[in-house]
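What follows is one structure encoded as structure tokens, with my remarks underneath.
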Amino acid sequence: MAAPKRGRSASAQSKPGRSLALILIAIVALTGGMFLSGHTTPRLGIDLAGGTSITLEAKADQGSAINKANMDTAVDIMNRRVNGLGVSEAEVQTQGDRNIIVNIPKGTNSKEARDQVGTTAKLYFRPVLAQEATGAAATPSPSASASKSGSSSASPSPSTSESATTGEKATSSSSPSASATTQGRAASDALKADPTPSGSASPSAPASPSASASTGTAADAKLQAAYTALDCSKQGQRNKAGEGVKPEDSTVGCGEIQGVWYKYLLGPAAVAGTEVKKAQAIYDTQTAAGWQVTMDFDKSGAKKFADITGQLAQNQLPQNEFGIVLDGEVVSSPTVSQSITGGQAQISGSFTQEEAQSLANMLSYGALPLSFQEQSVTTVTAALGTDQLHAGLLAGAIGLALVILYLVFYYRGLSLVAIASLLVSGILTYVLMSLLGPAIGFALNLPAVCGAIVAIGITADSFIVYFERIRDEIREGRSLRPAVERAWPRARRTILVSDFVSFLAAAVLFIVTVGKVQGFAFTLGLTTVLDVVVVFFFTKPLMTLLARRPFFASGNKWSGLDPKSLGAKPPLRRTRRPAPVETKEA
């Protein structure tokens, strides 16, 4: 029975080089991938790099369910707003099922960021004074018409009409927009005919007529120059169009129709988005009009909407259109043919279900399908983030130094195995963190650094368990080589159970928490998995090889495996068991 056992032991001891070669190849491959990708350092989180972190929690108080589709839509909208700030490396991502984390690095102003995300978008209905395609040859402007039935439609292309009605079929018309040669004159004429709808948020009349005229002329000239210079085909100009404009002022804006960007000259806001009580996408099966968007206004909004549509109906294209302006972007510009009363309107056109639902969300919720409550806002300066990073790295270095001193003092020669294993684990952790940054958006924050520091103790604990098992075998009187192999199965079970408990705790913490605590949980789980890999593919094979070296095999007093110092029993010898002796009964 002993022969097969020795054969298995000899086979296991003859292949430690394969495991060492495998883990070294993995290190080289991962390191090469890190340098080839250009991401040679871990991506730092807000608390280390500096910036603003905003945690928002979704609330189902607007009739919409908190599901993945609505959360993804909210992330896209918030991402657009953050990018509008001109901030690079900003990220907006979901955390769990109900939370969105907005990270804006480089010390962006916290108040400005909070104004841009998480709140209901600024939605206004503004009369269109002039419009023109930009970035391409002038093309006919989108047309739309409205009837007294109370609906309004936005055309998705220059050739498709949009109408606003309350039930009657809308008529449509089309006319070319101002060409480049008449652009300045068209804008100037439009400003002179700028309507001031009753009920709109227009400023009170100035005391001096002459001062009013001179001020208005200067403002009109400035606005006309802005409209002339605006090129909506450029994202930078789109982001700045209408920036900082008050509702009672005229402004410029951009809107996209089937891939073509149009620029708009818009009058003062006639109706605010907050005066829309409800908007929903419906499919009209009776008139075969397809998908439509219905709007219900409150009492104040109904009166304002009736006034502005009555005034616009008397104008010619494009000045009989009103622009639905969301965060400075014209998302729809339906035309009006009659005054729409009754507080209800219907936007019809060649909508798909997705387009109709998107527009309904914009009108109902200011583009966000869910409302969000601000949970926390953390602003960290770059200098403070650097100090925190240095403090975390210093704490990690001190902890590592203390562990190494303890290993050297207590295990002596065996400490070389532990230090080499810690070094391999550190390299793998650093490389994987650098690669996971661009791959899954992992950011190394201060709690993650704490998780890495805690992992030093977990990793060292695995080595200690194995070393103590080996020393127990030597105390039993066995030589080093069989002690290494006999100790491994017992140590392996203990290491796996210990690491499983640590990984389970990290997984639960990662699932039930949000924000920065997840960084701690993720790092702890990652280093725990790496601990198993290092112990199985590096520490054990290396120990097997060192057991063949005379320095360790002979039990040198500096090896940490001196049988005399460990109080070993005399060497075990194979002896035959005496045959059992039968005793006679008394």
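Checked by atom type, the side-chain pair S376/T55 shows a donor-acceptor distance below 3.5 Å. Residues D531 and S462 have side chains that bring a donor and an acceptor to within less than 3.5 angstrom of each other. The closest side-chain donor-acceptor pair between D231 and S233 falls under 3.5 angstrom.
Using a 4.5 Å heavy-atom cutoff, the side chains of E256 and R238 are not in contact. The shortest side-chain heavy-atom distance between F467 and V417 falls under the 4.5 Å cut-off.
Heavy atoms only, all atoms of each residue included: A506 and G525 are closest at CB-N, 3.7 Å. Nearest heavy-atom pair across T539 and F463 is OG1-CE2, 3.4 Å. Nearest heavy-atom pair, S559 versus R412, reported as atom, atom and distance to 0.1 Å: C-CB, 4.4 Å.
The existence of a salt bridge linking E476 and R471 is excluded, since no basic side-chain nitrogen approaches an acidic carboxylate oxygen closer than 4.0 Å. Between E485 and R478 no salt bridge is recorded (no basic side-chain N to carboxylate O distance below 4.0 Å).
For E329 (side chain) and G255 (main-chain N/O), no donor-acceptor pair under 3.5 Å exists by modelled atom type.
Every ring-ring contact (aromatic ring centres under 6.0 Å, His included) that Y466 has, sequence neighbours left out, goes to W488.
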**Pair E57-Q373, side-chain hydrogen bond (donor to acceptor under 3.5 Å, both in side chains): steps then yes or no** = CA-CA 5 Å; E57 182 182 5; Q373 181 178 355; over 6 Å; no
